[in-house]
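I have a structure I would like to understand better, so I am pasting it below and will then ask my questions one at a time.
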There are 2 protein chains.
Amino acid sequence: MKRTGADTPQRILDAAERLFARGGFAATSLRAITAEAGVNLAAVNYHFRSKEALIEAVFARRLEPVNRQRFQMLEAAQARTGRRSPPLEAILEALAAPALRLRGEMTDGGVSFQRLMGRIFLEPGEHAEAILQQQLGEVAARFRAAFEKALPQLPPADLYWRIHFLVGAMAHTLAGTHILPHFVGDRCDPADVEGTIRRLVAFLAAGLRAPVRAAGRKRSRKT
Amino acid sequence: MKRTGADTPQRILDAAERLFARGGFAATSLRAITAEAGVNLAAVNYHFRSKEALIEAVFARRLEPVNRQRFQMLEAAQARTGRRSPPLEAILEALAAPALRLRGEMTDGGVSFQRLMGRIFLEPGEHAEAILQQQLGEVAARFRAAFEKALPQLPPADLYWRIHFLVGAMAHTLAGTHILPHFVGDRCDPADVEGTIRRLVAFLAAGLRAPVRAAGRKRSRKT
DNA sequence: GTCTATATGGGGATAGAC
DNA sequence: GTCTATCCCCATATAGAC
């Protein structure tokens, strides 16, 4: 323990990721993080400026490669179909797979960060929204455009709502908070990353393609 | 201000709901809650036992009527179809509408509580999971059974995952955290409760009905 | 870069007067 | 039921020795 090597920032990031995922940002103290990391309390404020800056660093470390891969997959899919839009499934896989595959690529950091990433969508507060906007703004813009092209007949309001539902399903899957817990392991396996991706993509593609109620006919709200 | 009437517990619940929704549980202090409510700090520990008990009370107050209504709507739909299963759309509406309609029924408590309810699904920690299990355990069990009956051909693992995605989309919609913020109000209106319900139900019904890849054919993971 | 020690403030909870 | 005052603990952040 307590190797004084130069990997202290790494160790802090790993511990912070793990504990933030378990307990949330506000409830996780720097003391707990430094204890878990086996480093001194003051090291956090030396290597990072503050707790808030540490949170941002935790996200940036993982999200930047994930987003690069998302864009690569999206562009590859677009290149395959030329001027036509790629199939919905390819767009959805480009969006979901890089994040979900984190689970397999790291010992346990992947799982922790997935929970974090899922949670940031529902986390309140200012820095959460800043991180979202800063790290995911371009992702949102480019994938929204891709969906719009793939579903040209869909009214903008419906497209927006469906993207909203899609984000919710993805975030919840990343977060890994399973209701019906007696089910997990019994009839389904969250560690089956590729199966999860396949099922998520199929579900979302069908939802995005759902028929739209004729625009003129407004429901009367009573029955 | 500071009316010493017997409605102090009410005032505390209202303030707590509002502030918890805005800032989360851990980051919201009892001092802030009592200040917002215009009551004394000690009143919280007098009327409720502790902060944790206050959180549970906040959820119980709204969730109990919502869940009653969910069961009523589910049973009404089942009564209409006799031994056959109700259409997916009716089940989904029974699950989603009572919660989403909270927005219209209260001045602003509805919006606050919706955010809370959406967030509890991703909130970490012990009491969050306890509340989830205790308040939503029966809801999960009965609606899962309804979905199972409505989709008898769906393998259990796929059914589980689809319910999981469904919960994520619902929670995110309740939480009301809109990505692509330049869209809201521009092309879509979160205050249109019935429109939101209609779109959510259509999206989820299509996702639940998505075709399942033939069981025997396992994808080789390499393209 | 790392550590000890501490400054400074805020948290939940309670005792006891009214 | 309500309030003041306070106990006791823990938080983030920093100063300054090593």
Side-chain angles (χ1 to χ4, degrees), chain A residues 1-61 116 123-128 130-131, chain B residues 1-61 116 123-128 130-131:
Chain A
M1 312 284 165
K2 204 170 277 200
R3 46 160 62 88
T4 75
D7 54 349
T8 296
Q10 278 271 10
R11 296 169 61 79
I12 292 173
L13 285 174
D14 289 340
E17 183 172 78
R18 202 154 42 234
L19 295 185
F20 282 149
R22 173 127 38 95
F25 300 118
T28 301
S29 69
L30 296 183
R31 293 174 142 80
I33 293 170
T34 50
E36 170 99 357
V39 304
N40 189 272
L41 169 60
V44 168
N45 284 59
Y46 178 80
H47 291 284
F48 308 88
R49 285 194 334 275
S50 63
K51 184 180 184 179
E52 191 166 332
L54 172 63
I55 295 174
E56 286 173 33
V58 166
F59 274 92
R61 175 173 70 149
L116 264 192
E123 194 88 5
E126 303 72 39
H127 44 87
I131 290 172
Chain B
M1 311 278 166
K2 205 170 277 201
R3 47 158 63 87
T4 75
D7 54 349
T8 296
Q10 278 271 8
R11 296 170 62 79
I12 292 173
L13 284 175
D14 289 340
E17 182 172 77
R18 203 155 42 234
L19 295 185
F20 282 149
R22 172 128 35 95
F25 301 119
T28 300
S29 69
L30 295 183
R31 290 174 153 83
I33 292 170
T34 50
E36 169 100 355
V39 303
N40 188 271
L41 168 60
V44 167
N45 285 62
Y46 178 80
H47 291 284
F48 308 88
R49 285 194 337 275
S50 62
K51 184 180 183 179
E52 191 166 332
L54 171 62
I55 295 175
E56 286 174 34
V58 166
F59 275 91
R61 176 174 68 150
L116 264 191
E123 194 89 5
E126 302 71 40
H127 43 88
I131 289 172

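Values below: all heavy atoms of this structure, side chains included; hydrogens, waters and symmetry mates excluded. Sequence lines set the chain letters: A, B, ... in the order given, protein chains first and strands last, and positions in each chain run from 1.
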(Q) Just the rounded figure in Å: distance from P of C:dG1 to CD1 of A:Ile12. (A)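 Distance check: A:Ile12 CD1 to C:dG1 P gives 11 Å.
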Q) Are OP1 or OP2 of D:dT2 and a side-chain N or O of B:Thr8 less than 4.0 angstrom apart? A)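 So the side chain of B:Thr8 is within the cut-off, an N or O lying under 4.0 Å from OP1 or OP2 of D:dT2.
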Q: Kindly say if A:Ser29 contacts the phosphate of D:dA11, meaning a side-chain N or O under 4.0 Å from OP1 or OP2.
A: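 For D:dA11, OP1 or OP2 has a side-chain N or O of A:Ser29 closer than 4.0 Å.
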(Q) Under 4.0 Å from OP1 or OP2 of C:dG1: is there any side-chain N or O of A:Asn40 that close? (A)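 Negative; the distance criterion is not met.
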Q: Using the test side-chain contact (heavy atoms from CB on, under 4.5 Å), find all partners of B:Ala57 that sit at least two apart in sequence or belong to another chain.
A: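 Partners of B:Ala57 under the side-chain contact (heavy atoms from CB on, under 4.5 Å) test: B:Leu13, B:Phe48.
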Q. Could you write nucleotides 13-18 of chain D as a row of B, S and -, 5' to 3', where a protein heavy atom under 4.0 Å of any base atom gives B, of only sugar-phosphate atoms gives S, and otherwise -?
A. BB----
**Q.** Nearest-angstrom distance from the residue atom CG of B:Asp7 to C1' of D:dT2
**A.**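 Checked: the CG to C1' distance equals 14 Å.
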Q) Between B:Phe59 and B:Phe25, how do the two ring planes meet: parallel, tilted or perpendicular, split at 30° and 60°? A)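 The arrangement is tilted - the two ring planes meet at 30° to 60°.
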Q. Roughly how many Å is it from CG in A:Leu54 to C1' in D:dA11, rounded to a whole number?
A.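 For the pair A:Leu54 CG and D:dA11 C1', the rounded distance is 15 Å.
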Q | side-chain contact (heavy atoms from CB on, under 4.5 Å) partners of B:Ala43, counting only residues at least two apart | A |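 Scan of B:Ala43 (side-chain contact (heavy atoms from CB on, under 4.5 Å), adjacent residues dropped) gives B:Thr8, B:Ile12, B:Val39, B:His47.
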Q: Could you tell me which residues satisfy salt bridge (charged side-chain N to carboxylate O under 4.0 Å, His left out) with A:Arg61, sequence neighbours excluded, listed by chain and number?
A: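 Partners of A:Arg61 under the salt bridge (charged side-chain N to carboxylate O under 4.0 Å, His left out) test: A:Asp14, A:Glu17.
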Q. Can you list the residues that meet the side-chain contact (heavy atoms from CB on, under 4.5 Å) rule with B:Ala60, with sequence neighbours excluded?
A.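 Result, side-chain contact (heavy atoms from CB on, under 4.5 Å) vs B:Ala60: B:Glu64, B:Gln135.
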(Q) Regarding A:Thr28, tell me which of base, sugar-phosphate or nothing describes its non-hydrogen contacts under 4.0 Å with the strands shown. (A)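 Counting heavy atoms under 4.0 Å across all strands, the contact made by A:Thr28 is with sugar-phosphate only.
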Q. Could you give all pairs that pass the salt bridge (charged side-chain N to carboxylate O under 4.0 Å, His left out) test and reach residues 40-55 of chain B, with sequence neighbours left out?
A.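 Pairs touching residues 40-55 of chain B that pass the test: none.
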